[in-house]
Amino acid sequence: MESGPAIFAGAAFTLFGGALLLWTAVRALHREPVAYGVPPRAAVALTSLAGAVSLLLGVWCFGRL
């Protein structure tokens, strides 16, 4: 019974984290702002950290199966 929510949460976290990391990388490579009003280095660092944490949470959820 517990595997359904774990699969959903793992998929949601993994997809969000991967998409956020991909989006951040594309924006940074094209030298476009990642977040308006924030210094570029700080924006890339914070969004990369959030994407990595989300990706790790997704992997952790899948590991709980």
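For this chain, numbers begin at 1 and follow the sequence in order. No experiment lies behind these values; they were computed from the predicted model shown.
- Remark: T47 pairs with T24 by the side-chain hydrogen bond (donor to acceptor under 3.5 Å, both in side chains) rule, at least two apart or across chains.
- Grouping Ile, Leu, Val, Met, Phe, Trp and Tyr by side-chain contacts under 4.5 Å, direct or through others, leaves L29 on its own.
- Other members of the hydrophobic cluster containing F13, listed by chain and number, are L49, V53, L57; membership follows side-chain contacts under 4.5 Å among ILVMFWY residues, whether direct or relayed.
- When every heavy atom of A6 is checked against every heavy atom of L65, the shortest pair comes out as CB-CD2, 3.6 Å.
- Across T14 and G58, no two heavy atoms sit closer than the pair OG1-CA, 3.4 Å.
- Summarising the hydrophobic clusters (Ile, Leu, Val, Met, Phe, Trp, Tyr; side-chain heavy atoms under 4.5 Å, direct or chained), the residues clustered with L20 are F16, W23, V34, V44.
- Within the structure, side-chain hydrogen bond (donor to acceptor under 3.5 Å, both in side chains) pairs that include any residue of residues 26-35 comprise R27-E32 (at least two apart or interchain).
- Applying the side-chain hydrogen bond (donor to acceptor under 3.5 Å, both in side chains) rule to pairs touching residues 49-65 yields nothing, sequence neighbours excluded.
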